[in-house]
Q: 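Pasting a structure here, questions to come.
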Amino acid sequence: TQRIINLLVVRPVYSEDSFAADHEKVCRRRKTILQHIKEYLTCDSKRATNAVLSLLPIIGWMRIYRVREWLLGDVVSGISTGMVAIMQGLAFSLLASLPPSYGLYTAFFPMLTYFFLGTSRHISVGSFPVLSLMVGAVVTRLVPEQGAPANITGFEGLTQDQQRVLVASSVTFLMGVFQLAMGIMQVGFVVMYLSDTLVSGFTTAAAVHILVSQLKFVLGLSVPGINGPLSIIYTLEKIFVQITSTNICDLVMSILIMIVVFIVKELNNIYKAKLPVPIPIEVIMTIIACGVSYGFNFEERFDVGIVGKMVSGYETPIAPNMQVIQNSAVEAFPIAIVGFAVAFSVAKVYSIKHDYTIDGNQELIAFGVSNIFGASFRSFAASTALSRTAVQESSGGKTQIAGLISAMMAMIVTVALGFLLEPLPKSVLGALVIVNLKGMLMQFSEILYLWRKDKPDCVVWVVTCLGAILLGLDIGLAVGLGVELLTVVFRTQFPRCSVLANIQGTNLYRDHKDYLHIFEPKGVKIFRIPSPIFFANIEFFKDKLVEAVGFNPLRVLRKRNKALRKIKKLLKKSNDDTTEKGFRDLFSQTTDDMNMEELDLPTDLKDLPFRMDWNAELPPNISVPRVDLHSLILDFSAVSFLDISALKGLKMTLKEFIHIDVDVYIVSCDAYILEKLHSCMFFDDEILTSMFFPTLHDAMLHVLDKHKDKKKLVTLYCSVLFHTVSLKNAVYFQN
């Protein structure tokens, strides 16, 4: 049902000056920089407690931990997540061009520190395919499969695998340093510059890279790692050159595993409400593959590549190599940003779902410390994976105790059960990686949606994806970020300006092109710009304003001054009465000798013996543009800031209109902008504070009253006094 509610609002028409006179404003004293610094450095018991709770979020959720309700769920979730983390750690280590056993290190060490420092209770910390691939690009660049490694001190006496582990751990260490530094400097907001569209395009490109990188394992080919621009093209070329050498056993086994895992994962999604725990199909298929490979001796009979010797236990900590850090700083920074962006995005989803808060800066600190700690024990870049986190949350995990248990499972496998995974074919791990790319590859479907809904966002997605595929993930991310920022600049530099009109019977104003029943008073123009005004778009603002009013005020002023100069000059020469005929004759005898500076001065009509009406009929040889506009209203409701360049340009534009007798009004101006106008000496004898009005309707009523359009004034004024609003099941009263 609908209720018609009549709202009676009785108040005077306000300008900013009259409103300030009737309503006293609170004077707020802003703190100085020194006061802010002093307050920041001041410490008391409350701030110390908050600092400890912020730095160690575990204290907060451990105090409310419900042992009877949550512990069993955390244990079950930890076991389920641990099995997935082990398989993904083994598989993703291939993306990083490292021996599989080091993937188990990444499933263990980073989680130990995140358990104490992280604010998310649900994400599963460990390897992530995109980061693994980005680390692998640095590893293969410095330690290629074929040829000599880079000339780096510290590589002497190390095997190729040991050199690669040193490179990966050093890159991870630097990544952690970047994240920790950003967390300490409280710049967690930087991740906001990575929009969902950009991240989607980037991760889709990463999925394509991952797919191509795993083809050599699935096909059983020997393809050296290639990095740099167009590396994906060169890799595909080498694969197709060797395609006739495909290992049929690897291929058949990979296809079977991908089909089975895909079907079971779909069944898990369909029946997730009925299944207490998702079926751990990756673990099941891995166990079966290990048994079959060992029983039928796939390595010798079919020349299948296997995981081979697993590192038993944990090795002593190592220090990062400074030369590797110097050679990988450019790659480590985007790895740090992407790792945090992915983890924070996933953590935010589950924090909203379970109604708790996460702190972006503390997450940076947590991941920074976790990666530094993990790198010291030879693990590679850690973040989170959406699929693994989904398992942890859906299987009953409530806190990071589930994450700690999953890390313990990785430890058990590393210390005691690693030898059981030695006969596992690498093609099985490659197949598991590929089948887990489904979610990221399905993001290609977003292109059509974005094209229909938001074309600039679609451009960002496509450019980011193509750039990351063809130029590499690090360069592609930079290209995508640049295009994204350009779209923001484009939207603010070229906003959709509009001319507004009153909707009849209301005090509302909308674009005059969008509605039929509108009221546009003659001689009044309302112009709206829906963006900040700054140095880059002030000229666009002027051009659109001239287009909206239909004339250039400066050109009109110059034409008038030329005509006026002729009139005054001829009046001095003539002693006769200036009749209409004489006026026309005199004009035909004059020449123009004015300079441009004089033409731009305000028109001076003081010494004329008659009243000059520029809209009246003028002699045929006098061309002065007709101006039917007497009032221009600028709607600044969407203008959030003005810079100095814009202030100068705006002031000049307003004066050009004032000089040709057009009254200018600015409405709905933000209080901060008004303060800035006062502080920058914007007002003078021509531009007055009385030109500013709090609402568009106030300015319109003032204009109509000033120009005595009584009938239209009554119509508009009634829309304020007796405004009808349609509401559904609700009543609002306005005093």
Side-chain angles (χ1 to χ4, degrees), residues 493-501 511-513 520-568 587 590-605 612-636 639 642-667 682 684-688 691 699 703 707:
Q493 188 171 350
F494 305 105
R496 183 182 176 275
C497 301
S498 56
V499 175
L500 305 183
D511 192 329
H512 74 299
K513 296 179 181 179
E520 292 184 280
K522 186 178 180 181
V524 181
K525 192 73 73 174
I526 306 170
F527 182 77
R528 182 176 187 269
I529 178 169
S531 79
I533 305 177
F534 58 106
F535 65 93
N537 69 356
I538 182 61
E539 293 301 323
F540 178 82
F541 166 76
K542 292 180 183 179
D543 294 341
K544 284 295 179 181
L545 183 57
V546 168
E547 181 182 326
V549 299
F551 60 87
N552 187 321
L554 186 58
R555 183 169 176 270
V556 172
L557 179 63
R558 288 173 177 173
K559 289 283 187 179
R560 288 185 179 181
N561 278 333
K562 284 182 181 180
L564 188 63
R565 179 66 178 267
K566 292 177 181 179
I567 294 171
K568 290 184 176 180
F587 263 104
T590 59
T591 58
D592 183 22
D593 59 352
M594 296 181 69
N595 59 48
M596 294 302 294
E597 291 183 1
E598 293 176 331
L599 291 176
D600 292 347
L601 294 175
T603 306
D604 185 7
L605 304 174
M612 191 69 191
D613 183 1
W614 293 108
N615 287 335
E617 184 180 355
L618 296 174
N621 56 343
I622 301 301
S623 175
V624 177
R626 182 182 178 87
V627 176
D628 295 320
L629 186 72
H630 59 71
S631 299
L632 173 63
I633 302 176
L634 303 178
D635 182 2
F636 272 31
V639 178
L642 292 166
D643 67 2
I644 297 298
S645 299
L647 285 178
K648 293 178 180 178
L650 178 64
K651 188 172 185 177
M652 186 182 302
T653 302
L654 297 186
K655 288 193 173 186
E656 288 172 1
F657 280 99
I658 293 171
H659 291 165
I660 60 171
D661 303 320
V662 175
D663 296 330
V664 183
Y665 304 94
I666 297 177
V667 302
F682 182 78
D684 54 25
D685 294 338
E686 292 179 309
I687 301 179
L688 309 172
M691 295 164 48
V703 168
H707 293 272

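Atoms considered below: every heavy atom in the structure, side chains included; atoms not considered: hydrogens, waters and symmetry mates.
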Q: Evaluate the side-chain contact (heavy atoms from CB on, under 4.5 Å) criterion for residues V662 and V549: first the C-alpha distance (whole Å), next the side-chain angles of each, then the deciding distance (0.1 Å), finally the verdict.
A: CA-CA 11 Å; V662 175; V549 299; over 6 Å; no
Q: Measuring from atom CZ of F657 to atom CG of N552, what distance do you get when rounded to the nearest 0.5 angstrom?
A: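 It comes to 8.0 Å.
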Q: Which heavy atom of G523 sits nearest to which heavy atom of L629, and what is that distance?
A: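 Looks like O-CD1, 3.4 Å.
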Q: CZ/R558 to NZ/K562 distance, rounded to the nearest 0.5 angstrom?
A: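 Separation between the atoms: 8.5 Å.
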Q: To the nearest 0.5 Å, how far apart are CG in L634 and CD1 in I529?
A: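 One gets 9.5 Å once the value is rounded to the nearest 0.5 Å.
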Q: V499 and A548: which non-hydrogen atoms are nearest, and at how many Å?
A: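 That closest heavy-atom pairing would be CG2-CB, 3.7 Å.
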Q: Should the heavy atoms of other residues, nucleotides or ligands under 6.0 Å from NZ of K648 be counted, would the total exceed 12?
A: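 Result for NZ/K648: open.
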Q: Which pair of heavy atoms, one from N537 and one from S531, lies closest together, and at what distance?
A: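 Result for this residue pair: ND2-OG, 3.5 Å.
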Q: Within the 4.5 Å heavy-atom criterion, are V703 and P521 side-chain neighbours or not?
A: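 Result no, sub-4.5 Å side-chain heavy-atom pair not found.
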Q: How many angstroms lie between atom CZ of F541 and atom OG1 of T653, to the nearest 0.5 angstrom?
A: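 Reported to 0.5 Å precision, the distance equals 6.5 Å.
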Q: Going through the checks in order, is the side-chain contact (heavy atoms from CB on, under 4.5 Å) test met by F636 and L650?
A: CA-CA 12 Å; F636 272 31; L650 178 64; 4.0 Å; yes
Q: A side-chain contact here means heavy atoms from C-beta on lying under 4.5 Å apart; do L642 and F682 qualify?
A: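 No, too far: nothing below the 4.5 Å cut-off.
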Q: Quick check on side chain to side chain contact (heavy atoms under 4.5 Å, CB included): which of L557, V556, L554 does H659 satisfy it with?
A: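 Answer after filtering L557, V556, L554: L557.
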Q: Using the side-chain contact (heavy atoms from CB on, under 4.5 Å) rule, take V667 and I526 through it: C-alpha gap first, then chi angles, then the decisive distance, then the call.
A: CA-CA 10 Å; V667 302; I526 306 170; over 6 Å; no
Q: Side chains of K655 and D684: closer than 4.5 Å at any heavy-atom pair?
A: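 Counting from C-beta outward, K655 and D684 do come under 4.5 Å.
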Q: Do D635 and P530 have side chains that get closer than 4.5 Å, going by heavy atoms?
A: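 Not in contact.
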Q: Okay, side chain of H512, backbone of S498: is any donor-acceptor separation there less than 3.5 Å?
A: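 No, the answer is negative, given that no donor and acceptor are paired below the 3.5 Å cut-off.
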Q: So which heavy atom on E520 is nearest to which on A501, and how close?
A: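 The answer is CG-CB, 3.4 Å.
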Q: Please round to the nearest 0.5 Å and tell me the distance separating atom CG of L688 and atom CD1 of I658.
A: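 If we round to the nearest 0.5 Å, L688:CG and I658:CD1 are 7.5 Å apart.
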Q: With side-chain contact (heavy atoms from CB on, under 4.5 Å) as the criterion, how do F551 and R555 come out once you've worked through the C-alpha distance, each side chain's angles and the decisive distance to 0.1 Å?
A: CA-CA 8 Å; F551 60 87; R555 183 169 176 270; over 6 Å; no
Q: If we only count heavy atoms from C-beta on, is the K522 to D628 side-chain gap below 4.5 Å?
A: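 No, side chains not in contact.
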Q: Write down the atom of F527, the atom of C497, and the distance for their closest heavy-atom approach.
A: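 Closest heavy-atom pair between F527 and C497: CZ-CB, 3.6 Å.
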Q: So, do E656 and V546 sit near enough that their side-chain heavy atoms are less than 4.5 Å apart?
A: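 Heavy-atom side-chain distance check fails, nothing below 4.5 Å.
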Q: To the closest 0.5 Å, what do you measure between CD1 (I633) and CG (D663)?
A: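 I633 CD1 to D663 CG: 10.0 Å, rounded to 0.5 Å.
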